[in-house]
Amino acid sequence: MAAKLGGSGGDKHTIQQTADINITPFIDILLVLMIIFMVAAPMATVSIRLDLPPAQPPQNPQEEKEPVYITIQDTGQLFISDKQTSIDNLAADVCTALGGGACQEERVFVRAQPEVKYSQFMEVMNKMQENGFFKVGLLNEDIE
């Protein structure tokens with residue numbers, strides 16, 4: 001608690017209490033803590049020597065496959081990589097374009113022209129889902 005000697009008017013030697021907070025001890029403690037942390041921080045960093053093996057290329061690199069695109073035109077025609085197909089043959093043609101095997105595990109991209117109706121788009125998406133194609137990416141092209 002701080003005290004104030006003297007005051008305006010009256011007796012010069014009266015002691016009065018002030019309600020101001022004395023923050024000098026608080027600042028002293030903060031400065032001491034800051035110095036302690038500044039000295040201790042460089043000691044806390046430890047360097048460890050690591051001997052890493054040199055980088056080597058993979059033994060059997062896999063070729064990147066070209067992605068398969070299903071294109072829906074505003075006339076309702078479907079194309080798989082420039083080959084026209086129908087909604088009934090869609091799953092078989094997608095598997096053929098992917099190279100057979102576990103074709104349902106591969107990612108397929110669907111893109112549609114801006115004028116395509118939502119029902120046409122959802123018909124393609126539902127057909128893909130019915131045949132087990134759950135990794136379907138949607139592409140959007142900017143219209144300028």
Side-chain angles (χ1 to χ4, degrees), residues 1-83 85 87 90-144:
M1 178 88 24
K4 181 179 177 183
L5 292 175
S8 61
D11 189 14
K12 289 185 178 180
H13 300 291
T14 60
I15 298 176
Q16 301 173 353
Q17 285 187 338
T18 60
D20 295 337
I21 297 174
N22 188 3
I23 60 168
T24 304
F26 178 69
I27 292 174
D28 291 342
I29 292 172
L30 286 179
L31 289 174
V32 169
L33 287 175
M34 186 175 74
I35 292 170
I36 290 171
F37 286 126
M38 287 173 57
V39 170
M43 290 184 231
T45 58
V46 178
S47 61
I48 300 173
R49 180 172 166 75
L50 293 177
D51 294 325
L52 297 175
Q56 297 176 352
Q59 298 297 331
N60 45 358
Q62 297 176 351
E63 289 185 23
E64 291 291 324
K65 294 181 181 179
E66 286 292 320
V68 174
Y69 297 101
I70 300 172
T71 306
I72 308 169
Q73 292 188 344
D74 56 350
T75 59
Q77 296 175 327
L78 296 175
F79 288 90
I80 300 176
S81 303
D82 299 331
K83 179 185 169 196
T85 186
I87 193 72
L90 183 64
D93 289 342
V94 168
C95 272
T96 303
L98 288 171
C103 56
Q104 283 86 2
E105 298 299 318
E106 298 291 326
R107 183 170 305 278
V108 179
F109 295 98
V110 177
R111 59 183 169 197
Q113 291 182 342
E115 295 83 19
V116 171
K117 294 181 181 174
Y118 183 72
S119 60
Q120 293 172 329
F121 174 76
M122 285 310 297
E123 183 180 11
V124 171
M125 292 298 292
N126 289 335
K127 192 62 147 176
M128 294 296 290
Q129 189 174 10
E130 287 172 8
N131 290 298
F133 291 94
F134 295 109
K135 294 183 179 180
V136 178
L138 304 178
L139 297 178
N140 181 21
E141 295 180 13
D142 292 332
I143 303 170
E144 293 184 25

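- Taking both residues in full, the closest heavy atoms of I72 and V124 are given as CD1-CG2, 3.7 Å, listed atom of the first, atom of the second, then distance.
- Residue E115 places its CD atom among more than 12 non-hydrogen atoms of other residues, nucleotides or ligands, all under 6.0 Å distant.
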Exercise. Go through the steps for Q73 and F79 under the test side-chain contact (heavy atoms from CB on, under 4.5 Å), then give the verdict.
Key: CA-CA 8 Å; Q73 292 188 344; F79 288 90; 3.5 Å; yes
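- You'll find the side chain of M128 reaches within 4.5 Å of the side chain of L90, heavy atoms only.
- Rounding to the nearest 0.5 angstrom, the gap separating the CD atom in E106 from the SG atom in C95 is 10.0 Å.
- Side-chain atoms of E105 never come within 3.5 Å of backbone atoms of A102 as a donor-acceptor pair (strictly under, hydrogens ignored).
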Quiz item: Should D28 and T24 be marked as a side-chain contact (heavy atoms from CB on, under 4.5 Å) after you check the CA-CA gap, both sets of side-chain angles, and the distance that decides it?
Solution: CA-CA 6 Å; D28 291 342; T24 304; 4.0 Å; yes
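- Atom NZ of K127 sits about 6.5 Å away from atom CD1 of I87, to the nearest 0.5 Å.
- Residue D82 places its CG atom among 12 or fewer non-hydrogen atoms of other residues, nucleotides or ligands, all under 6.0 Å distant.
- Annotation: the span from Q77 atom CD to Q120 atom CD amounts to 10.5 Å, rounded to 0.5 Å.
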Practice problem: Show the numbers, then the answer: is there a side-chain contact (heavy atoms from CB on, under 4.5 Å) between V108 and L98? | Solution: CA-CA 9 Å; V108 179; L98 288 171; 4.0 Å; yes
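- Within 6.0 Å of atom CD1 in I21, 12 or fewer heavy atoms from other residues, nucleotides or ligands are found, so the atom counts as exposed in its surroundings.
- A heavy-atom distance below 4.5 Å is not found between the side chains of N131 and Q129.
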Practice problem: Could you walk me through whether I70 and R111 pass side-chain contact (heavy atoms from CB on, under 4.5 Å), step by step? | Solution: CA-CA 6 Å; I70 300 172; R111 59 183 169 197; over 6 Å; no
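- In the displayed structure, L33 atom CG is contacted under 6.0 Å by more than 12 heavy atoms of other residues, nucleotides or ligands.
- The shortest side-chain heavy-atom distance between M125 and F121 falls under the 4.5 Å cut-off.
- Atom CD1 of residue I23 and atom CD1 of residue I29 lie 12.5 Å apart, to the nearest 0.5 angstrom.
- Side-chain contact between L138 and F109 is absent, with no heavy-atom pair separated by less than 4.5 Å.
- The distance from the CG atom of L139 to the OG1 atom of T71 is 8.5 Å, given to the nearest 0.5 Å.
- Within 6.0 Å of CE on M38 lie no more than 12 heavy atoms contributed by other residues, nucleotides or ligands.
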